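In what follows, a structure is listed as structure tokens, so that the remarks can point back to it.
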Amino acid sequence: MTNLGDLEIFAKVVSTGSMSLAGRALGFSPAVVSKRIKRLEDRLGTRLLQRTTRQISLTEAGQGFYDRVLGILAGLEEAEFYISGRSAQMHGTLKISAPTSFGRMHIAPHLKAFMETHPELAINLVLTDEFSDIVGGGFDLAIRIAELTDSSLVARRLAPVRRLLCASPDYLAAHGKPRDIDDLKHHRCVPAHNGDTWRLNGPDGMLSLRPEGMLVTNSSEVIREAVISGLGIALRSTWDIGEELKAGKLVQVLPAYEGSHNVALSAVYPSRQFLPAKVRLFIDYLAELYGPVPYWER
């Protein structure tokens with residue numbers, strides 16, 4: 001029978017893409033990791049990994065084996081979780097991908113409470129505004145704010161996302177409020193990326209418009225600060241500008257129009273029969289923290 005530790009080493013090599021990184025994570029030298037992988041391949045009678053001086057990749061057989069190994073390891077963790085209950089200490093590392101602004105504002109401040117409950121569980125939080133390759137990047141889960149399409153991944157909705165058209169009082173004092181949706185073409189707009197389409201729910205249903213702006217940036221936080229400073233009108237999420245709306249630094253315009261209601265805050269993770277306990281605990285924590293009416297809406 002295949003040694004369970006060899007399966008864990010194999011999975012770690014695939015998720016990290018490196019013998020040395022896998023060994024560092026598991027407390028083995030690269031030589032030991034290489035030996036254990038070779039032992040596993042010899043036992044199975046097939047090559048699982050293609051090795052070059054630059055990278056490690058899965059063979060076709062290795063990919064199928066890896067998919068099944070993930071289920072085995074997740075199932076074992078699920079069984080331990082079932083026996084020990086939620087009071088048991090979680091071990092290892094939880095690797096999470098999240099959008100930059102949301103992660104800074106609504107994940108980072110709440111990590112302390114979670115980590116104090118599970119002091120043996122390390123968190124690796126990677127903030128990026130690009131959609132990370134969850135499997136290829138070795139992520140346990142990703143937090144995404146999007147209108148998700150069908151994929152091989154599983155998604156759990158954590159909270160609704162409400163997006164409003166807004167501007168600063170200074171901008172509106174200088175340029176006036178737009179009277180209707182067509183009036184936006186006479187105003188300065190600040191899209192997240194120049195050329196992006198705004199999909200809006202309005203009195204007559206869904207509509208799309210492509211605002212043009214003078215500011216081009218790949219940073220959502222730059223757009224946020226530019227709108228607060230009075231540069232123009234933007235479509236922003238309430239999780240991002242809720243405090244500014246309450247303080248009067250931003251004002252909602254054209255309240256009959258909001259961003260597509262199909263956009264939501266979701267936790268996305270690899271599709272597998274059993275969800276690892278550490279992933280389930282963190283997703284449950286966020287779901288309870290945010291809820292159907294998240295705190296930034298209250």
Side-chain angles (χ1 to χ4, degrees), residues 1-81 90-100 103 120-144 149-155 267-280 282:
M1 182 178 294
T2 300
N3 186 297
L4 186 60
D6 290 349
L7 298 184
E8 185 178 8
I9 290 173
F10 168 70
K12 187 62 70 174
V13 169
V14 175
S15 66
T16 61
S18 165
M19 297 276 188
S20 59
L21 290 177
R24 191 179 308 163
L26 296 172
F28 298 126
S29 69
V32 170
V33 172
S34 179
K35 182 177 179 181
R36 297 283 288 273
I37 293 295
K38 185 178 185 307
R39 183 175 75 177
L40 179 61
E41 290 178 326
D42 289 344
R43 179 172 182 81
L44 296 174
T46 187
R47 181 176 290 277
L48 301 173
L49 301 172
Q50 296 285 6
R51 307 165 180 82
T52 69
T53 56
R54 292 183 175 270
Q55 64 180 6
I56 293 175
S57 60
L58 285 163
T59 64
E60 183 178 354
Q63 181 64 64
F65 187 67
Y66 176 65
D67 293 340
R68 289 157 178 79
V69 165
L70 285 181
I72 292 169
L73 296 177
L76 286 172
E77 190 170 7
E78 174 74 10
E80 291 180 359
F81 181 65
M90 293 294 107
H91 298 270
T93 299
L94 182 63
K95 188 176 182 181
I96 307 160
S97 172
T100 303
E120 299 300 320
L121 182 62
I123 300 290
N124 181 355
L125 178 61
V126 178
L127 299 183
T128 175
D129 290 328
E130 303 296 328
F131 274 12
S132 301
D133 179 351
I134 296 179
V135 175
F139 291 97
D140 293 294
L141 75 153
I143 304 302
R144 290 184 176 168
T149 57
D150 292 337
S151 72
S152 61
L153 303 174
V154 178
V268 181
Y269 49 93
S271 178
R272 52 181 93 154
Q273 187 175 1
F274 296 106
L275 185 64
K278 61 185 179 181
V279 178
R280 176 189 294 177
F282 191 72

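This one's a predicted model, so the numbers in the text were calculated from it and none came from an experiment.
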Sorted by chain and number, sequence neighbours left out, salt bridge (charged side-chain N to carboxylate O under 4.0 Å, His left out) with E41 holds for R51

May I ask you to test the I134-L141 pair for a side-chain heavy-atom distance under 4.5 Å? no

Rounding to 0.5 Å, atoms OG1 (T100) and CD (E130) come to a distance of 9.0 Å

What one should report as the nearest heavy-atom pair of T93 and D140 is O-OD2, 3.5 Å

Side chain to side chain donor-acceptor pair (under 3.5 Å) filter on K35, not counting sequence neighbours, yields none

Assess whether side chain to side chain contact (heavy atoms under 4.5 Å, CB included) is satisfied between V14 and L49, documenting all intermediate values. CA-CA 9 Å; V14 175; L49 301 172; 4.1 Å; yes

For a quick test of your reading: what N or O donor-acceptor pairs under 3.5 Å do the side chains of residues 18-30 make, sequence neighbours left out?
| unit_1 | atom_1 | unit_2 | atom_2 | d |
| --- | --- | --- | --- | --- |
| S18 | OG | S20 | N | 3.2 |
| S18 | OG | S20 | OG | 2.9 |
| S18 | OG | L21 | N | 3.1 |
| S29 | OG | V32 | N | 3.2 |

d(Y66 OH, L7 CG) to nearest 0.5 Å is 12.5 Å

Output for pair (L121 CG, K278 NZ), nearest 0.5 Å, gives 6.5 Å

Sorted by chain and residue number, the side chain to side chain donor-acceptor pair (under 3.5 Å) partners of R144 (sequence neighbours excluded) come out as none

Side chain to side chain donor-acceptor pair (under 3.5 Å) filter on N124, not counting sequence neighbours, yields none

Separation between OG1 (T59) and CG (L48), nearest 0.5 Å, reads 5.5 Å

Sequence neighbours excluded, the answer for side chain to side chain donor-acceptor pair (under 3.5 Å) partners of Q50 is none

CZ of F65 to OG1 of T46, rounded to nearest 0.5 Å, is 10.0 Å

CD1 (I123) and CG (L94) are apart, to the nearest 0.5 Å, by 4.5 Å

- Task: Assess whether atom NZ of K95 is packed by more than 12 heavy atoms of other residues, nucleotides or ligands within 6.0 Å.
- Result: yes

